[in-house]
Amino acid sequence: MASMRVRDDGSAPIVAKGRESPFKQGEYYVFEVADDVARYWNKLAPARREGLWTQSRKEGKDIRQVVETFVYKPARMK
């Protein structure tokens with residue numbers, strides 16, 4: 001397990017049912033995620049990270065669910 005950090009913007013993070021709650025470390029929330037997801041998150045540009053964080057709040061989804069959809073995309077079907 002690895003972790004991904006999301007800057008705290010004053011709003012409470014949304015946690016999906018059955019998932020661990022993030023903990024606060026300085027000005028960041030720290031989410032426990034799989035290694036693949038953390039690797040993808042760390043390669044993203046800071047602006048894209050903020051965009052995904054905003055998207056998760058708008059959709060009412062856990063940020064981990066939003067990021068996992070990009071990491072574990074199904075293969076294209078012909």
field: Beyond-backbone contact of I63 with Y29, side-chain heavy atoms, under 4.5 angstrom
entry: no

- prompt: Do you know the tightest heavy-atom contact between R48 and L44?
  reply: CG-CD2, 3.7 Å

query: R64 side chain to V33 main-chain N or O, any donor-acceptor pair under 3.5 Å?
result: no

In a table with atom names and distances, give each donor-acceptor pair under 3.5 Å that connects a side chain of residues 4-14 to protein atoms at least two apart or in another chain.
from, atom 1, to, atom 2, distance (Å)
R5, NH1, Q25, OE1, 2.9
R5, NH2, Q25, OE1, 3.0
R7, NH1, E27, OE2, 2.4
R7, NH2, Y28, OH, 3.2
D8, OD1, G10, N, 2.9
D8, OD2, K24, NZ, 2.3
D9, OD1, S11, N, 3.2
D9, OD1, S11, OG, 2.8
D9, OD2, W53, NE1, 3.3
D9, OD2, R57, NH1, 2.6
D9, OD2, R57, NH2, 3.4

task: Go through the steps to decide whether F31 and D62 satisfy the test side-chain contact (heavy atoms from CB on, under 4.5 Å), and finish with yes or no.
output: CA-CA 10 Å; F31 292 87; D62 192 330; 4.1 Å; yes

- line: Hits for side chain to side chain donor-acceptor pair (under 3.5 Å) against Q55, two or more places apart or cross-chain, chain-then-number order -> E59

field: Test side-chain contact (heavy atoms from CB on, under 4.5 Å) applied to Y40 and V67, step by step
entry: CA-CA 8 Å; Y40 178 81; V67 175; 3.8 Å; yes

message: Working note: D36 + Y72, criterion side-chain contact (heavy atoms from CB on, under 4.5 Å); need CA distance, chi angles, decisive distance, verdict.
response: CA-CA 9 Å; D36 299 338; Y72 302 121; 3.7 Å; yes

- request: Apply salt bridge (charged side-chain N to carboxylate O under 4.0 Å, His left out) to E68 and list each qualifying residue two or more places apart in sequence or on a separate chain.
  value: R19

- request: First locate atom OG of S56, then atom NZ of K61, and finally report the distance between them rounded to the nearest 0.5 Å.
  value: 10.0 Å

message: Would you say that V30 contacts S3 through its side chain, given a criterion of any heavy-atom pair below 4.5 Å between the two side chains?
response: yes

Single-linkage hydrophobic cluster F23~V15, side-chain heavy atoms < 4.5 angstrom: no

